[in-house]
4 protein chains.
Amino acid sequence: MSEHRQGPVRSEAAKIAILQATAHLFQARGYDHLTMEGIAAEAGVGKQTIYRWWPSKSAVVADCLLGGLLFPDRINIPDTGNLREDLITWLGNIFELLQQPAGEVLMRSLIAAATENADVGLRLHESLGSSSSVTGRLQAAIRLSELHSVAPVEEIGEALVGAVILRALSRLPAHPGVAERLVDAVLAGHSATRATMPPVGAARVLPHS
Amino acid sequence: MSEHRQGPVRSEAAKIAILQATAHLFQARGYDHLTMEGIAAEAGVGKQTIYRWWPSKSAVVADCLLGGLLFPDRINIPDTGNLREDLITWLGNIFELLQQPAGEVLMRSLIAAATENADVGLRLHESLGSSSSVTGRLQAAIRLSELHSVAPVEEIGEALVGAVILRALSRLPAHPGVAERLVDAVLAGHSATRATMPPVGAARVLPHS
Amino acid sequence: MSEHRQGPVRSEAAKIAILQATAHLFQARGYDHLTMEGIAAEAGVGKQTIYRWWPSKSAVVADCLLGGLLFPDRINIPDTGNLREDLITWLGNIFELLQQPAGEVLMRSLIAAATENADVGLRLHESLGSSSSVTGRLQAAIRLSELHSVAPVEEIGEALVGAVILRALSRLPAHPGVAERLVDAVLAGHSATRATMPPVGAARVLPHS
Amino acid sequence: MSEHRQGPVRSEAAKIAILQATAHLFQARGYDHLTMEGIAAEAGVGKQTIYRWWPSKSAVVADCLLGGLLFPDRINIPDTGNLREDLITWLGNIFELLQQPAGEVLMRSLIAAATENADVGLRLHESLGSSSSVTGRLQAAIRLSELHSVAPVEEIGEALVGAVILRALSRLPAHPGVAERLVDAVLAGHSATRATMPPVGAARVLPHS
DNA sequence: TTTTAACCGAGACGGTACGTCTTGTCTTATA
DNA sequence: TATAAGACAAGACGTACCGTCTCGGTTAAAA
């Protein structure tokens, strides 16, 4: 007794072509210049084929994001064993990306898409689509006793990524040291060891207290 | 030889009608259902009158935001003298607002507008358009010695507001205690006094002090 | 008589289902709301099965027409022995049909189909698909010496049916007496007997000639 | 006290461009290959400008027809003083037009348009859009006593034009003499004078007069 | 007081993109 | 192996807005 439906199955070639076309146009022109007609044309596909499988433009973009097509070189968090350095490197890379016009458009496009689509929003919440997310890196740090075992991993991640998004929306230029200051601000009070703690303010502000 | 221009001066009535219509439609339908033609019709104004003074839809919205028309009941940060409690109250209010459909749409609409318009983005960066911003409250706390005098006020504010925006984009339900956990996570390590520090983290952050 | 022969046994059933579905939808919704997908769905048949046997929508309709499925109650010309009365009855019936919305749509749908398909056009030329056509009735009249033996039977038929089509296209309301006047106008000068000739104009114009 | 409305007035240039583009494409490609998008493109006009003033494709065609743009060389009925000859010439011209592919398409396109639009149908009813219609020519003949004063002018016209339409739909080749036979068939019994009556029928219609 | 230029409302304009619909072909699982 | 179910590319449909331009009418400062 089968429940198999009749008829042809979804064309994988069409799906791939649509997602690739979407990724290409998204990166090239930004989210709001992205059109269904443009995607269909670029993919060599009928518009209806897109609408058959995705309800909206933002859903296609979400699928792209999920498939990792929007960040060819993933913005992963490195893991050198030093959490603070790793986070600074990671945020620094992101801020550097945001300095370039293309990167800024990409980020704001992503936020715009998240605005329209819950999946994109969720994905963004998971650290810019990276599968090895901030949370993962923080938990690794806990395992290595770099962080207190009860450190609010989730909240620290949200604060860092949220700050990045907020800065992207503000279009403020990222002064050098922003990444460092942000990491230190958020990480303060959660380090388990003195060595990895920032000497930042404390050392200078109250050197002899 | 004068440089006075001829003709009537800008109609203040038209400007007010436009901004009020924009605020009304923005709150009622959200940013992406907001249209120039709709604003013109609602305000009883010609389209050209809008385009004469604002370059785009997002600019009108930015002006609304600046004029405080989008948040009739300002989301201000209270100042009871207890920073932690105040921040938790403030964030709690915002998360509560986000729980309601209208509030969620409003917030996401605001982010969408920020996506298109730098002014809106900047305004968002300044703590959700509130004139008494997070930064202000934090500096007040420094003056009262609730916070270390060198606490990275700017970064703490960014982290908190950013986290709110990120959660709004993620559409995740705000579990009770989110505000508290977030404030504690970010504030950890910056308190100057024992009393205002969260019990959980504080005990372990400086176990031997 | 057995059904043991091999081959596509279902074929004939599908064909019948297609024609019936076509006839049904044609009558219900008119020619231009008739779609291949609608026919396939109604008939419980794959679209390709239709395309296998008919090149186009109009061809299916032509086949329906040929099979007499579009006029369940055929509009036949009666034969009471009095040609004039019979033609007036026949035309009167048609005009009455045209007065009803459904009948009007049906007729215009038929003309629309004829526009696209030569077979439908030919069928229309043969007196609205009726197998006992006008021409047949006229020839019967000749045999009974109601009409002159050389009366241009073909042309009289074309004139009558053509006038009906023209009136259907014009959407003019059929005033009472239209059928009578039309028959008399076209039949004038072809009657072999005085008795069957219309007294209409002749009686008044040349009453004693 | 005026009732003049404000705002820009309808652009005559756009209207003319649309009608001309429609006429051109109609003649070139036929009614069913005529598209709104094609008209807009050809006229250099936005689609909405067409939809603002005409509800449908067929309405634009009706307007073209009304404006005489579809028959550059009007198919007028000549008036040489001899009704029979004039009608035969006229019908002969039309049948000749129908022999050419372009002419056939034009005529069937017109019928298709009439199928969808009452105005086109009415226009067709008035003798193929000619302003000097059949009826006019027949009434002139009555004034010259070529026709009985009570001849059913309207019905004779309908019969002739209707026959033309029917033949166009049938796609039957127009054998030589069709025009003559048709005119004689319909005109029989309405002539007031012997001279203009066809020799064939006349002799037998009133053999004893 | 008259002129005159910028303002105003209204809305038509050329366009872009939308999401839906239909066509005719192609593909696959089922019977 | 023919069939139903249905996915596919193509493209027309009618709608919604865009941002610009044009129309008369209305101010209000400059002449």
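Proteins get letters first, then strands, A, B, ... in listed order; numbering begins at 1 in each.
Map Ser11(D) and Glu12(B) each onto its nearest nucleotide of DNA chain E; the residue landing nearer the 5' end is Glu12(B). Each of Val45(A) and Gly46(C) was matched to the nucleotide of DNA chain F holding its nearest heavy atom; the match closer to the 5' end belongs to Gly46(C).
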- Message: Test side chain to side chain contact (heavy atoms under 4.5 Å, CB included) on Phe26(D) and Leu106(D); report intermediate values, then the result.
- Response: CA-CA 8 Å; Phe26(D) 185 96; Leu106(D) 185 75; 3.6 Å; yes
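When the P atom of dA12(F) is taken as reference, atom OH of Tyr31(D) falls 16 Å away, rounded to whole Å. Atom CG of Asp32(A) is separated from atom C1' of dC17(F) by 15 Å (rounded to the nearest Å). Rounded to an integer number of Å, the gap from Ile50(B) CD1 to dG9(E) C1' is 12 Å. Rounded to an integer number of Å, the gap from Ile39(C) CD1 to dA5(F) P is 16 Å. Note: CD1 (Ile16(A)) to P (dC8(F)) measures 12 Å, nearest angstrom. A straight line from NZ of Lys15(C) to C1' of dA4(F) spans 20 Å, rounded to a whole angstrom.
At a threshold of 4.0 angstrom between heavy atoms, the contacts of Trp54(C) with the nucleic acid are absent.
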- Starting at the 5' end of nucleotides 22-27 of chain E, put B wherever the base has a protein heavy atom under 4.0 Å, S where only the sugar-phosphate does, and a dash everywhere else. SBBBBB
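Residue Arg52(C) places at least one side-chain N or O under 4.0 Å from the OP1 or OP2 atom of dT3(F). One finds a side-chain N or O of Trp53(B) lying less than 4.0 angstrom from the OP1 or OP2 phosphate oxygen of dC8(E). Between dG14(E) and Thr49(D), a contact under 4.0 Å exists linking OP1 or OP2 to a side-chain N or O.
The distance from the SG atom of Cys64(A) to the CG atom of Leu34(A) is 8.5 Å, given to the nearest 0.5 Å.
Legend: salt bridge (Lys or Arg N to Asp or Glu O under 4.0 Å) pairs involving residues 38-60 of chain C, not counting sequence neighbours, sorted by first then second residue: Glu37(C)-Lys47(C). Residue pairs meeting the salt bridge (Lys or Arg N to Asp or Glu O under 4.0 Å) criterion with at least one partner in residues 12-31 of chain A, sequence neighbours excluded, are absent.
Under the rule for a side chain to side chain contact (heavy atoms under 4.5 Å, CB included), the partners of Ala43(A) that lie at least two apart in sequence or sit in another chain are Ala17(A), Ile18(A), Ala21(A), Val45(A).
Distance alone, capped at 3.5 Å, is enough to place a donor-acceptor pair between the Gln27(C) side chain and the Leu70(C) backbone.
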Pairs under 3.5 angstrom only: tabulate donor-acceptor contacts from the side chains of residues 108-120 of chain C to other protein residues two or more places apart or in another chain.
| residue | atom | partner | partner atom | Å |
| --- | --- | --- | --- | --- |
| Arg108(C) | NE | Glu104(C) | OE2 | 3.1 |
| Arg108(C) | NH1 | Thr115(D) | O | 3.2 |
| Arg108(C) | NH2 | Glu104(C) | OE1 | 2.9 |
| Arg108(C) | NH2 | Glu104(C) | OE2 | 3.1 |
| Ser109(C) | OG | Tyr31(C) | N | 2.8 |
| Ser109(C) | OG | Val105(C) | O | 2.8 |
| Thr115(C) | OG1 | Ile111(C) | O | 3.2 |
| Glu116(C) | OE1 | Tyr31(C) | OH | 2.7 |
| Asn117(C) | OD1 | Asp119(C) | N | 2.8 |
| Asn117(C) | OD1 | Val120(C) | N | 3.1 |
| Asn117(C) | ND2 | Ser58(C) | OG | 3.3 |

